[in-house]
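Have a look at the structure below, then the notes.
Reminder, nothing fancy here: chain letters follow the sequence lines and each chain counts from 1. Keep in mind that the numbers below use all heavy atoms, side chains included, and drop hydrogens, waters and symmetry copies.
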There are 2 protein chains.
Amino acid sequence: MTVNHRRGPYVCGIDAAMDVVSGKWKSLILWELNSHGTRRFGELKRGLPGVSEKMLVQHLREMEEDGLIHREVYREVPPKVEYSLTEQGSSLNQALGALGEWGTGRLARIAAED
Amino acid sequence: MTVNHRRGPYVCGIDAAMDVVSGKWKSLILWELNSHGTRRFGELKRGLPGVSEKMLVQHLREMEEDGLIHREVYREVPPKVEYSLTEQGSSLNQALGALGEWGTGRLARIAAED
DNA sequence: TTCGATACTCACGTGTTGGTAAGCATCGAG
DNA sequence: CTCGATGCTTACCAACACGTGAGTATCGAA
């Protein structure tokens, strides 16, 4: 019961994708890693204004477990950990492209309303 | 304060799109309406096994408010209400296509693991 | 006169999500 | 000998998402 907090029986592909992306900061993490290639924990934290350390860690762990990102630990002091996209993470990011464009259009529409 | 439960300040397009799609049944509602063109409340309910009436109503109202779907009421007895996609809803559905394919690929990968 | 069909609405409870604030381990610099 | 940097971990709590089960209005059929 501690595991299996994901992989609910999915109705369709969207379901499966949403499960992996849902989380307040996940799409932004994806974007951040996609833009910079490789980022340390602290860099991600600074790149996502408002994120709490707890959520950042939690999201990163889940995304690693889901095979979206790679976590590289350098045994140094002070510690250094680097995150990067896996191929799956990268392709997910691409798949989010169309959605992002739709959202951008929506933002423009909302702005035009005022 | 009763309104404005959405439209948080968005960081990017993905944010704005996710806001509109997040909800346990929303993408399925979109899909259902896309497949059938027009559906009555009861038909949607039967098409989404497990959905509660409360959530179905709530999601439909939010999606209407977000301009994704159109709600047509026929003043008859017993009542009849038809839902359909607006142009925005339809384009959102298209934008979700890539994500759906990614998810389908992921499902295949997961299935192959066993 | 009661019943069923339809499309809801409402009160309530529970599990999940996310934030806050504190603490931990290690090393070099001062 | 204390301090700061880094990457976490933990306990606690408030807000929210979602489900359950009941109730509502109207009319025709039985």
Any donor-acceptor pair under 3.5 Å between the side chain of A:Lys45 and the base of D:dG7?
no
Donor-acceptor pair present, A:Lys24 side chain and C:dG18 base, under 3.5 Å:
no
Once you apply a heavy-atom cut-off of 4.0 Å, does A:Arg71 come out as touching a base, just sugar-phosphate, or nothing?
sugar-phosphate
Among D:dT6, C:dT9, C:dA7, the one nearest B:Arg61 by side-chain distance
C:dT9
Describe the nucleic acid contact of B:Tyr74 in one word from base, sugar-phosphate, nothing, applying a heavy-atom distance below 4.0 Å.
nothing
Less than 4.0 angstrom from a charged side-chain N to a carboxylate O is my criterion; do A:Arg39 and A:Glu82 meet it?
no
Within the structure shown, what part of the strands sits under 4.0 Å from B:Lys80 by heavy-atom distance: base, sugar-phosphate, or nothing?
sugar-phosphate
With the 4.5 Å side-chain cut-off for hydrophobic clustering, are A:Trp25 and A:Trp31 part of the same group?
no
Go through C:dG18, D:dC8, D:dA5 for me and flag the one nearest to the A:His59 side chain.
C:dG18
It should be established whether A:Arg40 places a side-chain nitrogen or oxygen under 4.0 Å from OP1 or OP2 of nucleotide D:dT6.
no
Take A:Gly23 and B:Glu53, find for each the nucleotide of DNA chain C with the closest heavy atom, and name the residue whose nucleotide sits nearer the 5' end.
B:Glu53
Nearest to the A:Lys54 side chain among D:dT9, C:dT20, C:dC8, which nucleotide is it?
C:dT20
Closest nucleotide among D:dT6, C:dG19, C:dA7 to the A:Met55 side chain:
C:dG19
Between A:Val77 and A:Val51, which is nearer to the 5' end of DNA chain C once each is assigned its nearest nucleotide?
A:Val51
